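All values derive from a computational prediction rather than experimental measurement.
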Amino acid sequence: MEKILFAKTACGVYNKNMNAKNYNALMLETAERLSGENNRLLIHACCAPCSSACFERLKAHFKITAFFYNPNIEDGEYLKRKAELIRFIEQTGWADARDCEHDEGAFYSAVKGLENCREGGERCRACFKLRLERTAREAAENGYDYFTTTLTLSPLKDARIINEIGYGLEKKYAVKWLPCDFKKSNGYLRSLQLSEEHKLYRQNYCGCVYSRQTLDKN
């Protein structure tokens, strides 16, 4: 059941959720408005299963390039997920792929002092910002019209936080952020269906050593 939040004001009590942004609706409105303009979208891709439903939703509206920048993911797991994403792209033709470095040191520097934070807390926020900032910079330097991320497909990730980071980077790098909440409109369910259809490897943890340790404890 959805948690309803209330707050007192001079005019009484209101439901805070009433003012929550519908990022999925904003994305669809933007995509429909831009259809036929051949806008280039750089999308940060965390893995093939998440990317599948995101690419399918956007492929009619953008020329998509997947950017697999995930320094948080451990070496062996990183290579497995990257290979699976490339295989999916080659099978479907729904996107192009743009390569980049795998610098785990960048992740450990970004989350220094946050190692013991709970999963989904400040450590994850720092990780989101690291990956999205690298994507925004890549988009700005290479003339993309928009940038976004597949991260919001996960039911475990807060779309509000991710979109706040994205809008902040839009101002910093002067490249447009495409708002998103891909889990909406059965996006996560569709990713499960596409994963089965394409026999995609589905990981059971986010990718960093801390999320794996949380999984091991449970």
Side-chain angles (χ1 to χ4, degrees), residues 41-55 64-92 94-139 141-142 144 147-158 161-162 165-166 169 180 182-183 188 191-192 194-196 198-218:
L41 170 69
L42 187 67
I43 182 167
H44 164 259
C46 59
C47 63
C50 288
S51 298
S52 63
C54 301
F55 293 173
I64 302 170
T65 299
F67 190 55
F68 191 72
Y69 178 68
N70 298 291
N72 58 308
I73 301 177
E74 302 169 278
D75 276 330
E77 183 72 14
Y78 174 89
L79 294 173
K80 185 184 294 186
R81 295 190 198 185
K82 181 178 179 180
E84 199 70 343
L85 176 65
I86 292 172
R87 182 176 73 84
F88 177 74
I89 287 173
E90 289 175 346
Q91 277 189 358
T92 62
W94 289 351
D96 295 323
R98 190 174 187 90
D99 205 357
C100 63
E101 72 282 359
H102 179 223
D103 179 10
E104 287 187 88
F107 167 70
Y108 289 113
S109 294
V111 302
K112 187 175 182 179
L114 303 172
E115 294 88 348
N116 295 319
C117 289
R118 66 175 178 82
E119 190 71 7
E122 288 304 310
R123 185 184 66 244
C124 292
R125 179 190 283 267
C127 181
F128 298 157
K129 186 175 186 299
L130 171 67
R131 291 189 277 173
L132 290 180
E133 180 148 18
R134 180 69 178 81
T135 306
R137 189 170 76 245
E138 188 78 11
E141 291 175 353
N142 291 278
Y144 286 87
F147 76 103
T148 194
T149 180
T150 64
L151 287 169
T152 61
L153 184 120
S154 170
L156 300 177
K157 292 181 172 60
D158 190 329
I161 291 173
I162 292 169
I165 293 170
L169 294 171
C180 62
F182 287 109
K183 70 177 71 64
Y188 181 69
S191 76
L192 296 178
L194 286 167
S195 294
E196 177 63 26
H198 293 274
K199 307 302 180 188
L200 297 177
Y201 162 68
R202 290 188 66 86
Q203 63 281 354
N204 61 356
Y205 72 107
C206 186
C208 76
V209 63
Y210 309 111
S211 62
R212 178 169 55 77
Q213 289 170 351
T214 299
L215 179 70
D216 292 343
K217 290 177 182 177
N218 296 329

- Query: Which heavy-atom pair separates Ser191 from Pro49 by the least distance, and what is that distance?
  - Reply: CB-O, 3.4 Å
- Query: Closest approach of Ala66 and Ile89, non-hydrogen atoms and distance?
  - Reply: CB-CD1, 3.9 Å
- Salt-bridge present (Glu122, Arg118; N to O < 4.0 Å): no
- Starting from the C-alpha separation in whole Å, work towards a yes-or-no answer on side-chain contact (heavy atoms from CB on, under 4.5 Å) for Val209 and Arg212. CA-CA 5 Å; Val209 63; Arg212 178 169 55 77; 3.4 Å; yes
- Atom pair SG/OH of Cys47 and Tyr78 - distance to nearest 0.5 Å: 13.0 Å
- Item | Which residues share a salt bridge (Lys or Arg N to Asp or Glu O under 4.0 Å) with Arg202, sequence neighbours left out | none
- With a cut-off of under 6.0 Å to the ring centre and 45° to the axis, is Arg131 in cation-pi contact with Tyr69? no
- Message: Under a plain distance cut-off of 3.5 Å, with no hydrogens placed, do Tyr205 and Glu74 share a side-chain donor-acceptor pair?
- Response: yes
- Before accepting this row, confirm whether a basic side-chain N of the pair Glu133/Arg137 lies closer than 4.0 Å to the acidic partner's carboxylate O. no
- Can you tell me if Asn142 and Arg98 form a side-chain donor-acceptor pair at under 3.5 Å? yes
- Task: For Asn70 and Phe68, run side-chain contact (heavy atoms from CB on, under 4.5 Å): C-alpha distance rounded to whole Å, both residues' side-chain angles, the deciding distance at 0.1 Å, then the answer.
- Result: CA-CA 6 Å; Asn70 298 291; Phe68 191 72; 3.2 Å; yes
- Search all heavy atoms of Phe67 against all heavy atoms of Cys100 and return the closest pair with its distance. CE1-CB, 3.5 Å
- Does Phe128 have Lys157 sitting over its ring (NZ/CZ under 6.0 Å from centre, angle to axis within 45°)? no
- Quick one: does Leu194's side chain get under 4.5 Å of Leu200's, heavy atoms only? no
- All heavy atoms of Gly166 vs all of Leu132, minimum pair found to be N-CD1, 4.5 Å
- Task: Give the ring-plane orientation class for Phe88 versus Trp94, where under 30° counts as parallel, over 60° as perpendicular and anything between as tilted.
- Result: perpendicular
- Task: Would you name the heavy atoms of Ala126 and Leu114 that are closest together and state the gap between them?
- Result: CB-CD1, 4.0 Å
- Item | Worked verdict on Leu41 versus Thr65 for side-chain contact (heavy atoms from CB on, under 4.5 Å) | CA-CA 6 Å; Leu41 170 69; Thr65 299; over 6 Å; no
- Task: Using atom types as modelled and distance alone, determine if a side-chain donor or acceptor of Arg81 lies under 3.5 Å from a backbone N or O of Gly76.
- Result: no
- Closest approach of Leu42 to Ala139 (non-hydrogen atoms, all atoms of both residues): CD2-N, 3.6 Å
- Between Arg125 and Asp158, does at least one N-O distance fall below 4.0 Å, as a salt bridge requires? no
Extract all donor-acceptor atom pairs below 3.5 Å that involve side chains of residues 148-155 and protein atoms in other chains or at least two apart in sequence.
residue, atom, partner, partner atom, Å
Thr148, OG1, Leu178, O, 2.8
Thr149, OG1, His44, ND1, 2.8
Thr149, OG1, Leu151, N, 3.1
Thr150, OG1, His44, O, 3.4
Thr150, OG1, Cys46, N, 3.1
Thr152, OG1, Phe182, N, 3.1
Ser154, OG, Leu156, N, 3.1

- Do the side chain of Asn72 and the main chain of Leu130 share a donor and acceptor less than 3.5 angstrom apart? no
- Message: Using side-chain heavy atoms (C-beta onward) and a distance below 4.5 Å, is Cys208 in contact with Ile73?
- Response: no
- Query: Should Glu77 and Lys82 be marked as a salt bridge (Lys or Arg N to Asp or Glu O under 4.0 Å) after you check the CA-CA gap, both sets of side-chain angles, and the distance that decides it?
  - Reply: CA-CA 9 Å; Glu77 183 72 14; Lys82 181 178 179 180; over 6 Å; no
- Intermediate values then yes/no, side-chain contact (heavy atoms from CB on, under 4.5 Å), Ile43 and Cys54: CA-CA 9 Å; Ile43 182 167; Cys54 301; 4.2 Å; yes
- Message: Looking at Ala48, is its backbone amide N or carbonyl O close enough to the side chain of Glu84 to form a donor-acceptor pair, meaning the two atoms are under 3.5 Å apart?
- Response: no
- Task: Scan residues 102-115 for pairs that pass side chain to side chain donor-acceptor pair (under 3.5 Å), counting only residues two or more places apart or in two chains.
- Result: Asp75-His102
